[in-house]
Amino acid sequence: MRNDIIRYALTLSVIALLSALLMAFVYGLTKPAIDEARRQDFLIGLNAVLPEYDNSPDLDAIIIDNQSVYVAKKGGAIVGYAAVGHSPKGYGGTVSVIVGALADSTISGVVVVKHTETPGLGDRIITAAFLSIFEGSHISREYAVKADGGHVDQFSGATISPRAVCDAVNTANALLVKGLEYEY
Amino acid sequence: MNIKNFTDGLIKNNAVFKQMLGLCPALAVTTTMLNGIAMGLATTAVLAGSNVVISALKSVIPNKVRIPAYIVVIATLVTMVDLLMNAYLHDLHKVLGLFIPLIVVNCIVLGRAESFASKNGIFASLLDGLGNGIGFTLGLAILAAVREILGSGTILGVSLSTPPIIVFILPPGAFLALGFLMAGYNRLFKGEI
């Protein structure tokens, strides 16, 4: 009986050990490719909100309150800033946006990089038609949907998703305001 | 070692419509046909792999600890598929990412391990895994096609310019579509299997 238990434990341990080794091997093998793919995803988001640049904003970041403000430069001169904002207030979970700003503190673009809103209803927050309302306004402005007394359009049947976008944009903007004040 | 090991899983003993296993991913990811097929293929890879490994280890694994041993084997394979997909099929992984780890608890994988691989040879288990996996893919593809056509008015991303019925890409539509498809399956194959 005791021998049996030891045999069970040993068999399971050996299987677990082999599994761990195999997983560690595959993890090491795929890590560079996964990191690069994630970086490309992020750069696509940055490209969408920033004016044309020739540096790597994801590496050229200012750290404020442990969060990054990404700085876009062209020919050595700063052309724009970008920051990520999250809001837990989405209908299906967290909504994450990247907000880009020009050096004159106006928003150059907003993209939603992650969301789990309802397909066909709340997921209209990713459309350019909705997001363009943010463009050109000042980053110190507080955004809210019309239902909350703001000026951002909600959609019929979906107020919560646009509200989450406003919240996420406000978070990113707060960071951008600090980023633009940052002295090198 | 028999071709029936492979063909049984396709239609006669189809994972979705007959065994009714793995319904969680079948309902959750079948919003577009591409997602359905991709999820099916990922599951097929895990199923074939786990069947082979478990069949090879069946004389080593003591009966009393077989379930935890199977789960460790399955979880390892799923993690590997997850990592490889994230690295080399990144766009697809962004859509399916959430559901890939759940293949571990997909009843088909453990079901085939317990009812087939632990009693049969390696090659027969490989065929069984592939057959059941492709049958599962088939089930997902059909369900996803119905939901995509009705719910988005597209098929494989190509617009059919039909008005979308949004409920079909939402969870209730998944249950509705699956129910009707299962009724159709039973009607078609009643008495013959």
Side-chain angles (χ1 to χ4, degrees), chain A residues 1-45 91-94 96 111-124 126 155-158 161, chain B residues 28 31-32 35 49-50 53-54 56-95 97-98 104 147-148 150-154 163-174:
Chain A
M1 182 64 201
R2 174 168 293 172
N3 280 339
D4 275 351
I5 290 175
I6 291 170
R7 190 166 66 96
Y8 299 159
L10 275 180
T11 313
L12 274 181
S13 309
V14 170
I15 291 176
L17 182 70
L18 290 176
S19 297
L21 287 174
L22 197 60
M23 278 190 276
F25 173 72
V26 175
Y27 176 79
L29 194 73
T30 52
K31 191 169 192 308
I34 293 174
D35 287 347
E36 182 56 27
R38 290 214 174 116
R39 176 161 181 251
Q40 289 306 328
D41 280 350
F42 186 60
L43 284 178
I44 289 169
Y91 193 74
T94 302
S96 302
V111 285
V112 176
V113 285
K114 200 169 152 228
H115 78 90
T116 45
E117 302 308 285
T118 317
L121 292 169
D123 75 346
R124 273 182 282 171
I126 65 169
F155 326 115
S156 56
S161 307
Chain B
T31 47
T32 68
N35 288 357
S50 74
V53 174
I54 285 162
L57 292 178
K58 64 179 182 291
S59 54
V60 187
I61 299 172
N63 202 32
K64 280 189 179 164
V65 291
R66 67 186 192 286
I67 301 292
Y70 296 168
I71 291 291
V72 172
V73 169
I74 295 166
T76 308
L77 287 164
V78 170
T79 309
M80 282 163 53
V81 167
D82 187 35
L83 288 170
L84 290 168
M85 232 171 138
N86 196 349
Y88 304 113
L89 296 168
H90 191 69
D91 286 326
L92 200 57
H93 187 269
K94 274 194 283 188
V95 183
L98 187 63
V104 176
R147 290 183 65 196
E148 188 180 348
L150 293 177
S152 311
T154 62
I165 310 167
I166 289 167
V167 71
F168 275 99
I169 47 173
L170 300 179

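Letters A, B, ... mirror the listed sequences (proteins, then strands); counts begin at 1. The structure displayed is predicted, hence computed values, not measured ones.
Using a 4.5 Å heavy-atom cutoff, the side chains of A:Asp4 and B:Pro62 are not in contact.
Counting heavy-atom pairs under 4.5 Å between each of A:Leu29, A:Leu22, A:Val26 and chain B puts A:Val26 at the top. Comparing B:Asp91, B:Val65, B:Leu83 by heavy-atom pairs within less than 4.5 Å of chain A, the highest count is held by B:Leu83.
The two residues B:Val72 and A:Ala16 have their closest heavy-atom pair at CG1-CA, 4.1 Å.
Applying the 6.0 Å contact sphere to CZ of A:Phe25 captures no more than 12 heavy atoms from other residues, nucleotides or ligands. The environment of B:Phe168 atom CZ is dense: over 12 non-hydrogen atoms of other residues, nucleotides or ligands sit within 6.0 angstrom. A 6.0 Å sphere centred on NZ of B:Lys94 holds more than 12 heavy atoms belonging to other residues, nucleotides or ligands.
Residue pairs that meet the side chain to side chain donor-acceptor pair (under 3.5 Å) test with at least one member in residues 69-86 of chain B, sequence neighbours left out, are A:Ser19-B:Thr76, B:Asp82-B:His93, B:Asn86-B:His90.
Contact annotation for B:Ile61: both backbone and side-chain heavy atoms come within less than 4.5 Å of a heavy atom of chain A. Proximity to chain B is absent for every atom of A:Asp35, based on heavy atoms less than 4.5 angstrom apart.
From B:Lys64, atom NZ reaches atom CZ of A:Arg7 across 10.0 Å, with rounding to the nearest 0.5 Å.
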